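This report concerns only the one structure given below.
Just so it is clear, the values below take in all heavy atoms, side chains as well, and ignore hydrogens, waters and symmetry mates. What you see is a predicted model, and the numbers here were worked out from it, not measured in a lab.
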Amino acid sequence: MERVDALVIGAGPAGLMAAEALMGQGRSVVVTEAMPTPARKFLMAGKSGLNLTKSEPDAAFWGKVTGALPRTPGYLDNGEAFGPAQVMAWAEGLGVPMFTGSSGRVFPVGMKASPLLRAWMARLRAGGVELRTRWRWVDLESGFGFATPDGHVTVNADATVLALGGASWPRLGSDAAWVPMLAGAGVPIAPFRPANMGFHVTWTDAMARIMGSAVKGVAIHAGEAVSRGEWVITRQGIEGGGVYEVASALRDGAEGRVDLAPNLDATALAARFARPRGKLSLGNWLRRVLGDPVKVALLLEWGQPLPADAAGWAARAKALPLRHDGPMGLERAISSAGGITRDAVDETLQLRALPGVFVAGEMLDWEAPTGGYLLTACLDSGRRAGMAAARALTGA
């Protein structure tokens with residue numbers, strides 16, 4: 001049995017930010033992590049370029065974050081929110097310069113996550129934060145029970161922040177093993193579902209020649225959601241940022257439509273299709289009209305039965321049915337929906353069923369697209385939970 005001042009369970013971005021917030025308020029903090037090293041999913045996200053946030057007005061930014069992340073009235077206006085500007089300043093304060101791309105997405109100049117994580121961990125160690133790896137939370141009996149390299153240890157804390165992640169990419173640590181423990185303590189939990197994921201598609205043999213190709217210059221419509229981002233055709237289906245942005249709407253049953261020429265209206269596109277075909281093959285004629293063999297392949301794949309006139313071709317190209325066989329699973333999803341429900345926590349992210357225990361990150365039932373929204377919201381919730389835990393320790 002051990003007693004500590006503040007305990008943070010989970011050393012991903014949300015947990016580390018909670019630890020930093022507690023440290024900044026003068027608290028002694030112990031962080032436990034089941035994996036051998038911290039922030040494995042964060043490092044994986046940064047392998048192809050760490051998109052830390054997106055530079056846009058706060059109202060537009062936070063409008064993309066939906067679900068169980070309650071905020072006090074005036075949260076975005078009273079200086080509490082840890083949004084794009086604050087995230088950029090925080091990273092640069094760690095000695096990691098940032099740059100903003102043409103789309104507004106913000107990256108470290110070096111593009112990688114590892115330099116930022118090294119600087120962050122150095123700051124936490126210098127502030128007295130203790131990291132204990134290979135400590136897996138396994139029970140909630142007389143305190144928080146852990147399986148450790150030295151056997152079972154029970155820890156009691158004056159304030160605790162849980163930041164164990166959701167259920168996506170379980171091999172990196174987010175395996176949702178905490179669900180039975182919290183459910184047994186009376187915490188309502190919604191079933192997990194994939195988010196920011198690709199979709200299975202059963203392609204015909206004709207698509208084999210473009211496998212791995214990027215789809216550019218199109219728009220996907222799904223319900224009220226619209227995406228203009230790039231995506232990729234794979235042997236399993238469709239993946240990439242352009243798909244992820246509308247993935248939740250598609251997952252929840254919205255009909256997907258692809259606009260192959262979003263910069264042209266139907267009349268202008270019909271005029272292109274009305275040009276004489278002459279002796280050109282169908283494929284070559286469509287390439288002349290659309291200017292991209294990948295768009296042509298999609299039109300022939302999903303556009304059956306093929307139209308008979310220029311107006312019909314234009315209408316089909318402007319609203320091509322996105323035919324899929326359902327979302328890819330949690331094991332490949334970038335994030336997850338589901339988890340601890342909105343009514344399970346108060347405005348400070350404290351569990352109603354477990355006073356003194358706060359929750360951050362993807363354990364909560366919320367969603368945000370990739371492109372900087374997801375990671376910034378995790379950092380924001382970690383900071384909020386850490387600050388609330390610090391206030392609880394002082395009785396404020």
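Counting only distance, with no hydrogens or angles, the side chain of Asp365 and the backbone of Gly338 share a donor-acceptor pair below 3.5 Å. The backbone N or O of Thr234 lies less than 3.5 Å from a partner atom in the side chain of Trp203, making a donor-acceptor pair. A donor-acceptor contact shorter than 3.5 Å links the side chain of Asp325 to the backbone of Thr202. A donor-acceptor contact shorter than 3.5 Å is absent between the side chain of Trp120 and the backbone of Ala122. With hydrogens and angles disregarded, a donor-acceptor distance shorter than 3.5 Å links the side chain of Arg342 to the backbone of Val345. The backbone N or O of Ala390 sits nowhere less than 3.5 Å from a side-chain atom of Gln25 that would complete a donor-acceptor pair. Between the side chain of Ser336 and the main chain of Ala167, a donor-acceptor pair closer than 3.5 Å is present. Panel note: side chain Asn196, backbone Ala247; no donor-acceptor pair is recorded below 3.5 Å.
Cluster annotation: Val294 and Ile220 are assigned to the same hydrophobic cluster (Ile/Leu/Val/Met/Phe/Trp/Tyr, side-chain heavy-atom contacts under 4.5 Å, transitive). Clustering ILVMFWY residues whenever any of their side-chain heavy atoms sit less than 4.5 angstrom apart, transitively, puts Phe146 in the very cluster that holds Leu140. Tyr373 and Met363 fall within the same hydrophobic cluster, where Ile, Leu, Val, Met, Phe, Trp and Tyr residues are linked whenever their side-chain heavy atoms come under 4.5 Å apart, directly or through other members.
The aromatic rings of Phe273 and Trp285 sit perpendicular, their planes meeting at an angle over 60°, well past the 30° parallel limit.
What you find for Gly242 and Ser227 is that their closest heavy atoms are O-OG, 2.7 Å.
A salt bridge is absent between Lys54 and Glu245: the closest approach of a Lys/Arg side-chain nitrogen to an acidic carboxylate oxygen does not fall below 4.0 angstrom. Between Lys216 and Asp292, none of the side-chain N atoms (NZ, or NE/NH1/NH2) sits under 4.0 Å from a carboxylate O, so this pair counts as no salt bridge.
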Step-by-step side-chain contact (heavy atoms from CB on, under 4.5 Å) determination, Thr53 to Gln86: CA-CA 10 Å; Thr53 190; Gln86 292 79 15; over 6 Å; no
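Between Leu162 and Leu182 there is a side-chain heavy-atom pair separated by less than 4.5 Å.
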